[in-house]
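Each ligand, and each atom within it, is numbered from 1 in the order the structure gives.
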Amino acid sequence: MTARIIDGKAFAERLRERIADEVSTLKAQHGITPGLAVVLLGEDPASTVYVRSKAKQTVEVGMASFEHKLGAATSEADLLALVAKLNADPTVNGILVQLPLPKQINTDRVLAAISPEKDVDGFHVVNAGLLATGQKAMVPCTPLGCLMLLKDTLGDLAGSEAVVVGRSNIVGKPMAQLLLGESCTVTIAHSKSRDLPGICRRADILVAAVGRPEMIKGDWIKPGATVIDVGINRVPAPEKGPDKHKLVGDVDFASASAVAGAITPVPGGVGPMTIACLLANTLTATCRANGLPEPYLLETAV
Ligand code: NDP
């Protein structure tokens, strides 16, 4: 079998177009421009690129982008003061504090200070709790993007055996909650799980969020399964030349794509969905803040 490639890049593009349409309707009918504030401390190269990309895409869909770049030595008190200011600012509908934060800052305290209604990353414990209890939450962007791709690929997920490898608060756990919400039978595997290949082989839906390059092999995959590879790992690529690197996922794409029914590539699978879902969450937060009906974006990007 040769797996169908799930094109996250194309899906994310369609989703952004749909968001841009909704934003222009909001502006025309209600005079509202959604605003996203992104806070970056220091100059970590990966975070800087990511923040730049977020700001560019925010503006491209017609939203207002507020960038706050602070020094790496910023105190926690100063960062909390900025968060409080953004919480109170009616032109800001979404607040994102780029992680990781410098050592002098307690990340949990900063995330807890963000108003849950503006927590477009979905990392606040209130949003984690709402998601876990099946209530309306801000859903973390990467798992939300994975769910969109799964629903687009498979339609109704109810009754499927789903295995999520990884139990982080930002990917694995919320992914499992979303799949449970879709009535899948969900297993969460992690570094202490016994017989990981055997657990993975049960999966109709396999989501890999591990951070170990190409760990999941083709013979761990049930024939015909749908595989979502969240991993982004930078590895040496001597075939491209000395000191060259490439990105690979947590799944060994070559062997897995010979067995799976559908699979996301890396790059071009889950990655592009994350920022698109950040914009979707900002739109959702704006509608909720203004008492307007929320656009249903889960299945409308197709
Ligand atoms: P974390 O490091 O927070 O979590 C990794 C999880 O994988 C942990 O639960 C860990 O288990 C588990 N794990 C590690 N090694 C093994 C192993 N050998 N066998 C089974 N489980 C294992 O990572 P994140 O969740 O933040 O990210 C996961 C991957 O997804 C990374 O590659 C990251 O770069 C990528 N990512 C991609 C995004 C995107 O936009 N596409 C966004 C966010 C992340 P334990 O809990 O027991 O330690």
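L80 meets the side-chain contact (heavy atoms from CB on, under 4.5 Å) test with E76, V110, A113; sequence neighbours excluded.
Of the charged side-chain nitrogens involved, none lies within less than 4.0 Å of a carboxylate oxygen, so that E67 and R52 do not count as a salt-bridged pair. Using a 4.0 Å cut-off between charged side-chain N and carboxylate O, K69 and E43 make no salt bridge. Look at K246 and E239 and you find a salt bridge, because one of the NZ, NE, NH1 or NH2 atoms lies within 4.0 Å of a carboxylate O, short of that distance. Looking at E117 and R288, no side-chain N of the basic residue comes within less than 4.0 Å of a carboxylate O on the acidic one, giving no salt bridge.
Between I205 and C184 there is a side-chain heavy-atom pair separated by less than 4.5 Å.
Contact shell of ligand 1 (protein heavy atoms, cutoff 4.0 Å): T142, G166, R167, S168, I170, V171, H190, S191, L196, A209, V210, G211, R212, M215, V230, G231, I232, N233, V270, G271, T274.
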